[in-house]
Engineer: 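The structure under discussion is supplied below as structure tokens; questions concerning it will follow.
Computed over heavy atoms, backbone and side chain alike; hydrogens, waters and symmetry mates excluded.
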Amino acid sequence: MDSQMVKVSVQVLLGIVILALCYWLYISITGPWKAVERERAVTQTTRNRMDHVRTALVRHERELDLFPSTLDSLMIWVRQDSVIMSNPDSVFESVGINLDSLLYSPRTGNRFEYALNDTGRVHIYLLTDPDSDDRIGSETPDVTLLNAASWE
């Protein structure tokens, strides 16, 4: 009986070790994948928010025939634009847009960086995310780069 008891004990112990190793293997595979998925989601949210800023910049340029000098002046204009304020979801093609967070990167909460080059015949801006390499526009007055995003 003792050898039978030892055999069963070893089998139970090995079963527990196998289950523990299976759990460890599952966690070691899914953990990094979940981190990758979270990073992709944050990247997409950031790019969507930058697209919304681009939409506001384009509307401003179309209505006033110039880009705003700063992001603060853009937000002042957005808050005074009756079309945007009456239905921001349709203007920005997004449900539940929060205009208060429009100028901030969802990654860390840092404010997007904006530079305007209006010295040449082509007025162009550069909107960048300080937490990544994502950008819209260019610093050089090249009409082909106007409103062009780095990820498109």
Side-chain angles (χ1 to χ4, degrees), residues 1-61 67-117 124-140 142-152:
M1 270 312 215
D2 279 337
S3 68
Q4 184 68 17
M5 188 73 111
V6 170
K7 183 179 175 183
V8 169
S9 297
V10 169
Q11 287 176 341
V12 168
L13 181 63
L14 288 175
I16 292 171
V17 168
I18 288 171
L19 288 175
L21 288 173
C22 287
Y23 178 74
W24 176 80
L25 182 61
Y26 174 78
I27 294 300
S28 68
I29 291 172
T30 59
W33 180 251
K34 288 178 183 176
V36 167
E37 288 296 315
R38 279 192 302 273
E39 181 61 30
R40 284 182 183 168
V42 168
T43 297
Q44 189 58 46
T45 303
T46 301
R47 289 175 176 176
N48 288 342
R49 197 168 289 173
M50 290 178 76
D51 280 337
H52 297 328
V53 174
R54 173 175 48 186
T55 300
L57 287 166
V58 169
R59 283 184 61 84
H60 184 282
E61 195 271 336
F67 289 110
S69 57
T70 65
L71 288 177
D72 290 329
S73 59
L74 175 68
M75 285 309 297
I76 291 169
W77 177 82
V78 164
R79 297 200 182 283
Q80 293 174 350
D81 186 282
S82 60
V83 173
I84 293 175
M85 292 309 291
S86 66
N87 196 357
D89 291 347
S90 69
V91 172
F92 294 106
E93 299 175 2
S94 178
V95 177
I97 186 166
N98 181 359
L99 294 178
D100 292 331
S101 63
L102 186 65
L103 303 180
Y104 299 93
S105 172
R107 282 184 167 84
T108 60
N110 289 333
R111 189 178 171 117
F112 292 130
E113 297 171 354
Y114 173 77
L116 176 66
N117 183 347
I124 194 165
Y125 64 89
L126 177 63
L127 179 69
T128 57
D129 176 18
D131 304 319
S132 73
D133 293 331
D134 291 340
R135 69 185 188 295
I136 297 176
S138 173
E139 290 181 319
T140 59
D142 182 353
V143 73
T144 62
L145 298 175
L146 183 63
N147 299 319
S150 60
W151 61 88
E152 295 177 328

Engineer: Is any side-chain heavy atom of Ile84 closer than 4.5 Å to a side-chain heavy atom of Trp77?
Structural biologist: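 Yes, side chains in contact.
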
Engineer: Shortest non-hydrogen contact from His60 to Pro68?
Structural biologist: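 So the minimum-distance heavy-atom pair works out to ND1-CD, 3.4 Å.
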
Engineer: Looking at every heavy atom in both Ala56 and Val78, which two are closest together, and how far apart are they?
Structural biologist: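 Here Ala56 and Val78 meet closest at CB-CG2, 4.0 Å.
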
Engineer: What heavy-atom pair brings Ile29 and Pro32 nearest, and what distance separates the two atoms?
Structural biologist: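 So the minimum-distance heavy-atom pair works out to O-CD, 3.6 Å.
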
Engineer: Does any part of the side chain of Asn117, heavy atoms only, come nearer than 4.5 Å to the side chain of Leu126, both counted from C-beta?
Structural biologist: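 With C-beta onward as the side chain, the pair stays apart.
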
Engineer: Is a donor from one side chain sitting under 3.5 angstrom from an acceptor on the other, for Thr45 and Arg107?
Structural biologist: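 Result is no, nothing qualifies.
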
Engineer: Would you name the heavy atoms of Glu152 and Asn147 that are closest together and state the gap between them?
Structural biologist: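 Heavy-atom minimum between the residues: OE1-O, 4.5 Å.
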
Engineer: Does any part of the side chain of Arg38, heavy atoms only, come nearer than 4.5 Å to the side chain of Val42, both counted from C-beta?
Structural biologist: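 SC-SC contact between Val42 and Arg38 ruled out.
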
Engineer: Considering non-hydrogen atoms only, spot the tightest contact between Met50 and Ile136 and give its length.
Structural biologist: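 Nearest pair, atom of Met50 first, then Ile136: O-CD1, 3.5 Å.
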
Engineer: Using a strict threshold of under 4.0 Å (side-chain N to carboxylate O), is an ion pair present between Arg49 and Asp134?
Structural biologist: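 Salt bridge absent between Asp134 and Arg49.
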
Engineer: Taking side chain as C-beta onward, heavy atoms only, is Trp151 less than 4.5 Å from Asp51?
Structural biologist: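 Heavy-atom side-chain distance check passes, below 4.5 Å.
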
Engineer: Compare all side-chain heavy atoms of Ser28 with those of Leu25 and state whether any distance is below 4.5 angstrom.
Structural biologist: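 SC-SC contact between Ser28 and Leu25 confirmed.
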
Engineer: Salt-bridged, Arg40 to Glu37, with N to O below 4.0 Å?
Structural biologist: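 Between Glu37 and Arg40 there is a salt bridge, with a charged N closer than 4.0 Å to a carboxylate O.
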
Engineer: Considering residues, nucleotides and ligands other than Asp133, do more than 12 of their heavy atoms fall under 6.0 Å from its CG?
Structural biologist: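 It does not: Asp133 CG has 12 such atoms or fewer within range.
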
Engineer: Go through the side-chain N and O atoms of Asp129 and Thr46 and say whether any donor and acceptor fall under 3.5 Å apart.
Structural biologist: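 Result is no, nothing qualifies.
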
Engineer: Do side-chain atoms of Ser150 reach the backbone of Arg135 as a donor and acceptor pair under 3.5 angstrom?
Structural biologist: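 A pair under 3.5 Å: yes.
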
Engineer: Start with the C-alpha gap between Val83 and Arg59, add the side-chain angles, then the distance that decides, and say whether side-chain contact (heavy atoms from CB on, under 4.5 Å) holds.
Structural biologist: CA-CA 11 Å; Val83 173; Arg59 283 184 61 84; 3.7 Å; yes

Engineer: Is Leu57 close to Tyr114 at the side-chain level, that is, under 4.5 Å between some pair of heavy atoms?
Structural biologist: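 The answer is yes, as the side chains (C-beta and beyond) meet within the 4.5 Å cut-off.
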
Engineer: Given side chains that start at C-beta, do those of Val53 and Phe92 come closer than 4.5 Å, heavy atoms only?
Structural biologist: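 They are not in contact (no side-chain heavy atoms under 4.5 Å apart), so the answer is no.
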
Engineer: Side chains of Asp72 and Thr70: donor-acceptor distance under 3.5 Å anywhere?
Structural biologist: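 Absent: no donor and acceptor within the cut-off.
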
